[in-house]
Amino acid sequence: FAIKDDGSFCGTFTKVEVMFQLQLNNLYECGTYLFKVIELDDFEAKLLILESYGELQKGFQRIVSHGDFIGRHIDCKICLPEDVFLCNWHAQFQLGPNGLYIVDQQSVNGVWMRLTEVRQESQWKIIEYNTVSVSYTHLRAHETGRNLVCRLLLEKK
């Protein structure tokens with residue numbers, strides 16, 4: 001099954017509930033910043049960091065690896081002390097079985113992965129009985145009997 005954004009004004013996001021493997025060109029949002037993965041290998045990633053509510057052309061780059069944090073605390077590898085929507089230790093990068101992952105540190109506002117950039121189309125695959133958060137709506141896909149129809153159940157959490 002796929003979720004398709006037909007080009008909304010702000011794009012479609014899914015919440016990273018626990019951890020998510022970094023993928024090349026994916027966009028992640030923490031606080032008011034977007035983090036685009038522009039280079040990636042098994043041990044580190046180069047991120048382009050953009051202000052999501054300001055000019056998207058203004059940005060800077062950082063290389064992150066296992067153990068690095070995003071947050072407001074001065075000891076974070078990506079320290080953004082002016083962002084009131086970030087926690088002190090908002091998210092961490094960790095090595096997992098298939099590469100580098102971003103892990104939410106039980107932050108207040110969470111870590112969000114952008115399924116599509118603004119006004120672009122994208123498809124996102126979900127498997128049966130998976131729950132996917134899209135903005136503030138949770139979708140769960142399942143097939144029904146022989147008809148093999150995908151139904152998306154809206155769940156408010």
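Nothing fancy with the numbering, it's 1 onward along the sequence.
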Quiz item: Do the side chains of Trp112 and Val108 join up, straight or via other hydrophobic residues, at under 4.5 Å, putting them in one cluster?
Solution: no
Quiz prompt | Leu80 and Tyr33: CA distance, side-chain angles, deciding distance, side-chain contact (heavy atoms from CB on, under 4.5 Å) verdict | solution = CA-CA 9 Å; Leu80 303 164; Tyr33 286 85; 3.6 Å; yes
According to side-chain hydrogen bond (donor to acceptor under 3.5 Å, both in side chains), who are the partners of [X], at least two apart in sequence or on a separate chain?
| X | answer |
| --- | --- |
| Gln92 | Gln94 |
| Tyr28 | Asn26 |
| Gln21 | none |

Practice problem: Report the residues that fulfil salt bridge (charged side-chain N to carboxylate O under 4.0 Å, His left out) with Asp104, sequence neighbours left out, ordered by chain and then residue number. | Solution: none
Quiz item: Yes or no on side-chain contact (heavy atoms from CB on, under 4.5 Å) for Ile70 and Ile102, after CA distance, side-chain angles and deciding distance?
Solution: CA-CA 10 Å; Ile70 297 170; Ile102 189 166; 4.3 Å; yes
Practice problem: Identify, with sequence neighbours excluded, every residue that meets side chain to side chain contact (heavy atoms under 4.5 Å, CB included) alongside Leu48. | Solution: Lys36, Ile38, Leu50, Gln61
Quiz item: Quick one: side chain to side chain contact (heavy atoms under 4.5 Å, CB included) partners of Ile74, sequence neighbours excluded?
Solution: none
Heavy-atom distance under 4.5 Å between the side chains of [X] and [Y], does that happen here?
| X | Y | answer |
| --- | --- | --- |
| Leu47 | Ile78 | yes |
| Tyr101 | Leu22 | no |
| Asn25 | Val37 | no |

Quiz prompt | Flag, side chain of His90 to backbone of Gly110, donor-acceptor distance under 3.5 Å | solution = yes
Quiz prompt | Pairs flagged by salt bridge (Lys or Arg N to Asp or Glu O under 4.0 Å) wherever residues 73-98 is involved - sequence neighbours left out | solution = Asp68-Lys77
Exercise. Please test Cys76 against Trp89 for side-chain contact (heavy atoms from CB on, under 4.5 Å), starting from the C-alpha separation and ending with a verdict.
Key: CA-CA 7 Å; Cys76 290; Trp89 304 93; 3.6 Å; yes
Self-check item: Residues forming a ring pair (Phe, Tyr, Trp, His ring centres under 6.0 Å) with His66, sequence neighbours excluded
Solution: none
